[in-house]
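Ligands are counted one by one from 1 in listed order, and the atoms in each one are counted from 1 as well.
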Amino acid sequence: MQKIEKTDAEWRSELTPEQYAVLRRQATEAPFTGSYALTKDAGTFKCAGCGAELFSSDTKFDSGSGWPSFTEPAIAEAVELREDRSHGMVRTEVACARCGGHLGHVFDDGPRDAGGLRYCINSCALDLEPDEA
Ligand code: FE
């Protein structure tokens with residue numbers, strides 16, 4: 001995979017302030033504020049930073065958390081997991097493998113019949129490309 005590397009100034013000029021805060025500064029959008037928290041539209045969720053295909057609507061489920069939640073990435077190699085010890089917690093950060101952008105975190109309280117994982121992702125880190133009708 002071709003990695004995408006840009007300077008901080010480039011990211012800042014290309015992304016919205018909210019996208020920049022999440023993707024490049026590990027911020028978390030407020031729950032139930034993002035455009036994809038509740039959507040059931042079919043399609044592919046791409047990285048808002050680089051366009052990499054990250055998640056499929058087929059694995060999206062209603063976690064009640066207020067963030068889009070998925071049981072697995074569209075392609076395992078599309079995401080990178082990193083230990084995150086910020087805010088006095090130990091969590092597993094989920095990042096885009098292509099551009100390194102912060103997407104959210106993965107937790108082990110997902111649906112047990114679908115692997116038990118919950119990829120909890122910020123809406124503004126994603127762009128939904130709807131399936132052709
Ligand atoms: Fe990306």
Test Y36 against N122 for side chain to side chain donor-acceptor pair (under 3.5 Å), laying out the working first.
CA-CA 8 Å; Y36 300 134; N122 290 280; over 6 Å; no
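- L126 and F107 fall into different hydrophobic clusters, defined by Ile, Leu, Val, Met, Phe, Trp and Tyr side-chain heavy atoms under 4.5 Å apart, directly or through other members.
- Under the 4.5 Å side-chain heavy-atom criterion for Ile, Leu, Val, Met, Phe, Trp and Tyr, L103 and Y119 are members of the same hydrophobic cluster.
- Protein N/O/S atoms found under 2.8 Å from the Fe ion (ligand 1), listed by chain and residue number: C47 SG, C50 SG, C96 SG, C99 SG.
- Within a 6.0 Å sphere centred on CG of L81, heavy atoms belonging to other residues, nucleotides or ligands number more than 12.
- Note on W11 and L54: same hydrophobic cluster, where clusters join Ile, Leu, Val, Met, Phe, Trp and Tyr whose side-chain heavy atoms are under 4.5 Å apart, directly or indirectly.
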Could you go through the side chain to side chain contact (heavy atoms under 4.5 Å, CB included) check for H105 and D84 one step at a time?
CA-CA 9 Å; H105 292 86; D84 174 10; 2.7 Å; yes
